[in-house]
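Since the structure comes first, as structure tokens, the remarks are kept for the end.
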Amino acid sequence: AMTKLLDELVGDGDRGLLVDEFDLDNARLGAAIDSAQTPPFLTDKRVVVARGVGRFNADDVAPLVAYLDDPLPSTDLVLVAGGGRVPKALTDALKKAKATTIETAPPSRARERSGWFDEQIRATGLKLDGQAVQLLTTWLGEDAGRLQGILETLHAAYGDSRTLRSADVSPFLGDAGGVPPW
């Protein structure tokens, strides 16, 4: 999802000039905010990526919340939670700023996860019959993060011209995913 988003934001532009990336495990959040507030140089816009905002508390993100009240129009700010919980103050500020949210983690409820699996399968252009989808969801269990790799492999092996059945999918599954202890 991140690669696709950056490709859309950069377009035909020079990625080296347009994009500033900050891994907040190693960089200060203030450096990312400063970059977002800086007008672009030699380009018409700037893309600032800050990875790991989920590790901060509400006090830590206060300067980011303040920036979101009046963001620089020439900056596309991309925030990646990267685990942890995004503070409510930041979530509220993002809603107020009409930010687009892309949820990449599968839902925790079984019914919602089933719909998520269907969306991921459709996004790759694959067609799987009901039994093949059920096999995938059961096999992966709580390890739904492996789905994308399996779908890419299936697409490379079969393309998207036919409907795949369980027998087509099973050779590509590998080890079974985790089952919750409850």
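Computed from heavy atoms alone, side chains included, the values below leave out hydrogens, waters and symmetry copies.
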So [Y] and [X], do their side chains get closer than 4.5 Å, heavy atoms only?
X	Y	result
V53	V61	no
R55	D60	no
R162	L164	yes
I150	L140	yes
P63	L29	no
T75	Y67	yes
R122	L128	no

Are more than 12 heavy atoms from other residues, nucleotides or ligands located less than 6.0 Å from atom NZ of K96? no
Is it true that, when you exclude Q148 itself, more than 12 heavy atoms of the residues, nucleotides or ligands shown sit nearer than 6.0 Å to its CD?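 Buried by this count: over 12 neighbours within 6.0 Å.
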How long is the span from the [atom1] atom in [X] to the [atom2] atom in [Y], to the nearest 0.5 Å?
X	Y	atom1	atom2	answer
E152	L147	CD	CG	9.5 Å
L136	Q120	CG	CD	12.0 Å
L17	D44	CG	CG	11.0 Å
S170	Q131	OG	CD	11.5 Å
Q134	T137	CD	OG1	4.0 Å

Tell me if a side-chain donor or acceptor on [X] pairs with a main-chain N or O of [Y] at a distance below 3.5 Å.
X	Y	value
Y158	V169	no
K45	P40	no
D168	R165	yes
T124	I121	yes
R51	D25	no
T38	D34	yes
R46	D20	no

Verify side chain to side chain contact (heavy atoms under 4.5 Å, CB included) between R15 and L9, making sure each step is shown before the conclusion. CA-CA 10 Å; R15 189 179 184 119; L9 293 174; over 6 Å; no
Find out if a path of hydrophobic residues (ILVMFWY) with successive side-chain heavy-atom gaps under 4.5 Å connects [X] to [Y].
X	Y	result
L6	F22	no
L154	L173	yes
M2	L79	no
I33	V49	no
V48	L24	yes

Search all heavy atoms of [X] against all heavy atoms of [Y] and return the closest pair with its distance.
X	Y	answer
A132	S166	N-OG, 3.4 Å
P171	A167	CD-O, 3.2 Å
L126	G159	CD2-O, 3.3 Å

With L94, the side-chain contact (heavy atoms from CB on, under 4.5 Å) member among L68, L64, V65: L68
